[in-house]
Visitor: 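My questions will all concern the structure given below.
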Amino acid sequence: MSTSKWVAVVTGVMSLLLGVGYLLLVQLLDWRGDFQPAPMGLLLRFACQLGGWHPSNVL
């Protein structure tokens with residue numbers, strides 16, 4: 001086989017592996033149960049830390 005055919009085969013195999021891995025990851029995350037969002041207080045505290053604000057100054 002020529003080089004371009006090998007590249008196509010390797011790329012195809014990598015694509016299939018990534019697709020199967022993604023599906024397995026989604027199944028694993030879905031198996032954990034219902035998604036429970038974080039409490040709003042924690043979200044505010046995290047957002048303030050990212051922005052460089054202190055929570056006591058915001059509230």
Side-chain angles (χ1 to χ4, degrees):
M1 275 204 260
S2 66
T3 303
S4 60
K5 287 184 181 180
W6 278 109
V7 170
V9 168
V10 168
T11 304
V13 168
M14 288 173 49
S15 174
L16 287 172
L17 290 175
L18 285 172
V20 170
Y22 174 76
L23 290 175
L24 290 173
L25 178 64
V26 167
Q27 288 298 319
L28 176 69
L29 292 174
D30 189 42
W31 174 71
R32 295 187 314 168
D34 290 336
F35 175 71
Q36 298 291 327
M40 290 305 291
L42 291 177
L43 289 175
L44 179 62
R45 186 178 306 156
F46 182 69
C48 291
Q49 288 175 352
L50 284 178
W53 296 88
H54 193 271
S56 63
N57 297 337
V58 174
L59 297 177

Visitor: What residues, two or more places apart in sequence or in another chain, satisfy side-chain contact (heavy atoms from CB on, under 4.5 Å) together with Ser15?
Guide: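 By the side-chain contact (heavy atoms from CB on, under 4.5 Å) rule, Ser15 matches no residue at all.
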Visitor: Who are the side chain to side chain donor-acceptor pair (under 3.5 Å) partners of Ser4, not counting sequence neighbours?
Guide: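 Side chain to side chain donor-acceptor pair (under 3.5 Å) check on Ser4 returns Ser2.
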Visitor: Other than Trp31, which residues form its hydrophobic cluster under the rule that side-chain heavy atoms must be closer than 4.5 Å?
Guide: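 Direct or chained contacts put Trp31 with Leu28.
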Visitor: Could you work out, with side-chain contact (heavy atoms from CB on, under 4.5 Å) as the rule, every residue matching Leu29, not counting sequence neighbours?
Guide: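 Per chain and number, Leu29 pairs via side-chain contact (heavy atoms from CB on, under 4.5 Å) with Leu25, Arg32.
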